[in-house]
2 protein chains.
Amino acid sequence: MYQRKIPIDYECGLSVAMEVVGSKWKFCLLDEISKGIKRPRDLVNAINGITKRVLQKQLSELELHGLLSKTIYPEVPLRVEYFLTPSGESLLPLISAVDQWGMGFASQLKVILEGKDSEI
Amino acid sequence: MYQRKIPIDYECGLSVAMEVVGSKWKFCLLDEISKGIKRPRDLVNAINGITKRVLQKQLSELELHGLLSKTIYPEVPLRVEYFLTPSGESLLPLISAVDQWGMGFASQLKVILEGKDSEI
DNA sequence: AAGCATGGTGAATAATTTATCACCAGATGA
DNA sequence: TCATCTGGTGATAAATTATTCACCATGCTT
């Protein structure tokens, strides 16, 4: 992280939500973890396009913000599992709703941006 | 806009939603417009921190994506009003939910980032 | 003519986020 | 010893987004 030029407005729910969840992979990460994929290695494999480093960073931010927690099992090879905190779980209905909305909007957006109908 | 390096995944609702709504001011803008603030000048005044240029850009993106529409009244001085399309309106419950969640999470985030309780 | 209000745009830059690359460490098996 | 698996980090580059600044135009008022 770094020092933001414009600080978070704690009075504004949208500002707060954007701070903790408004980045490229976070919704996706929370979604996958809620589905049972908990290990970093598995998440890298499950999520198309994310890299190890980026995953680590976003996981650690989610952990810092209290949406994720992790457990380290002293096995060999080392096993680490991330899981949702209550705050993280409280976000699931929202993530689901956003996903639903996006699915419904996809064909419209495709027409707008590419000028053709989708076959979905 | 520009040509994205990584294209939108139309199969993924989260990806689609992030594309049209995942930027700093869009939730806020849709929220204000739904509350009846429709003119660019009024939006600049209503939203703390946004500038004229940024407002114009985000409004035009929302318009391009089909969440907003605008009407030009040939008055003097010129009057322009933006309003929500049905797609834009379908987003309102979600924005409200995100805002609610953020409000509920604010005090926790404040403790985490600043180490002190809020007085809200 | 000058100043103001409206809505708008292009170019350049700053700020921020994401990605790439090269590493480290522990323990295991070949 | 060397390669492999795991999870992890620092430095840097690239991509993306947001902001600043300087403009344009119209038609009013002074």
Side-chain angles (χ1 to χ4, degrees), chain A residues 1-9 14-15 18-29 33 37-65 68-83 113, chain B residues 1-9 14-15 17-29 33 37-65 68-83:
Chain A
M1 306 284 273
Y2 48 92
Q3 182 54 47
R4 311 182 73 84
K5 185 186 178 190
I6 295 166
I8 304 164
D9 178 2
L14 292 176
S15 173
M18 288 305 263
E19 172 65 16
V20 296
V21 148
S23 62
K24 187 169 179 180
W25 302 102
K26 285 181 180 172
F27 270 176
C28 192
L29 270 174
I33 290 173
I37 301 177
K38 301 171 183 302
R39 302 184 64 180
R41 182 67 39 174
D42 294 335
L43 287 165
V44 170
N45 294 332
I47 300 174
N48 189 274
I50 201 170
T51 59
K52 185 187 161 192
R53 185 70 177 106
V54 175
L55 178 77
Q56 297 282 9
K57 282 198 175 178
Q58 308 237 342
L59 284 175
S60 69
E61 281 180 23
L62 288 167
E63 196 190 355
L64 169 68
H65 289 154
L68 289 181
S69 209
K70 75 173 173 180
T71 303
I72 302 173
Y73 300 90
E75 302 174 358
V76 172
L78 186 59
R79 181 161 64 102
V80 173
E81 287 187 356
Y82 287 85
F83 55 89
L113 296 185
Chain B
M1 306 282 273
Y2 49 92
Q3 182 55 49
R4 309 182 73 84
K5 186 185 177 190
I6 294 167
I8 304 163
D9 178 2
L14 293 176
S15 173
M18 288 305 264
E19 172 66 17
V20 295
V21 150
S23 63
K24 187 169 180 180
W25 303 101
K26 285 181 181 172
F27 270 175
C28 192
L29 271 175
I33 290 173
I37 301 176
K38 301 172 181 304
R39 301 183 65 180
R41 183 67 39 172
D42 294 336
L43 287 165
V44 169
N45 294 332
I47 300 175
N48 190 273
I50 201 170
T51 59
K52 186 186 162 194
R53 186 69 177 108
V54 175
L55 178 77
Q56 296 283 11
K57 282 197 176 180
Q58 308 236 343
L59 284 177
S60 69
E61 281 180 23
L62 288 167
E63 196 189 355
L64 169 68
H65 289 155
L68 288 182
S69 209
K70 75 173 172 181
T71 303
I72 302 173
Y73 300 89
E75 302 173 359
V76 172
L78 186 59
R79 181 162 63 100
V80 173
E81 287 186 357
Y82 288 85
F83 54 90

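Numbers restart at 1 for each chain; the letters A, B, ... are given by sequence-line order, proteins then strands. For clarity, every value in this text was computed on a predicted model and none was experimentally measured.
In this entry the distance linking CG of A:Asp42 with P of D:dG7 reads 8 Å, nearest Å. Computed from coordinates, the A:Glu63 CD to D:dG7 P distance equals 14 Å when rounded to whole Å. For the pair A:Leu55 CG and D:dT9 P, the computed distance is 12 Å after rounding to whole Å. Put simply, CD on A:Gln56 is 18 Å from P on C:dA22, counting in whole angstrom units. To the nearest angstrom, P of C:dT6 lies 14 Å from CD of B:Glu81. If you take CD1 of A:Ile47 and P of C:dA19, they are 11 Å apart, rounded to a whole angstrom. C:dT9 atom P lies 12 Å from atom CG of B:Leu78, rounded to whole Å. C:dT16 atom C1' lies 13 Å from atom NZ of A:Lys26, rounded to whole Å.
Here B:Lys24 reaches the OP1 or OP2 of D:dT19: one of its side-chain N or O atoms lies under 4.0 Å away. Within the structure, a side-chain polar atom (N or O) of A:Gln58 is placed less than 4.0 Å from OP1 or OP2 of C:dT18. Applying the 4.0 Å criterion to OP1 and OP2 of C:dT6, one finds that B:Arg39 has every side-chain N and O outside that range. Residue A:Arg79 has no polar side-chain atom (N or O) positioned under 4.0 Å from OP1 or OP2 of D:dT6.
Taking every side-chain heavy atom of A:Arg53 into account, D:dG10 is the closest of C:dA19, D:dG10, C:dA27. Nearest nucleotide to the side chain of B:Pro40, out of C:dG8, D:dG7, C:dT6: C:dG8.
Backbone-only engagement by B:Lys70 is indicated by non-hydrogen atom pairs under 4.0 Å involving sugar-phosphate atoms exclusively. Across all strands, A:Thr51 comes closer than 4.0 Å to base atoms (heavy-atom distances). Nucleic acid contact class of B:Tyr73 (heavy atoms, under 4.0 Å, all strands): none. Within the 4.0 angstrom heavy-atom criterion, base atoms lie near B:Val54. Among the atoms of the strands shown, none is found under 4.0 Å from any heavy atom of A:Glu75.
Atom CD1 in B:Ile50 sits 10.0 Å away from atom CD in B:Gln56 (nearest 0.5 Å). Taking CZ from A:Arg41 and CG from A:Leu78, the interatomic distance works out to 11.5 Å, rounded to the nearest 0.5 Å. Rounding to the nearest 0.5 Å gives a distance of 13.5 Å between CZ of A:Arg39 and CD1 of A:Ile33.
For the pair B:Ser60 and A:Trp25, nearest-nucleotide mapping onto DNA chain C gives the more 5' position to B:Ser60. Looking at which nucleotide of DNA chain D each of B:Lys52 and B:Lys57 is closest to, the 5′-most match is held by B:Lys57.
You'll find the side chain of A:Lys70 stays beyond 4.5 Å of the side chain of A:Phe83, heavy atoms only. Taking 4.5 Å as the limit, some side-chain heavy atom of A:Val54 sits within range of a side-chain heavy atom of A:Trp25.
With no hydrogens or angles considered, no side-chain donor-acceptor pair links A:Ser69 and A:Glu63 at under 3.5 Å.
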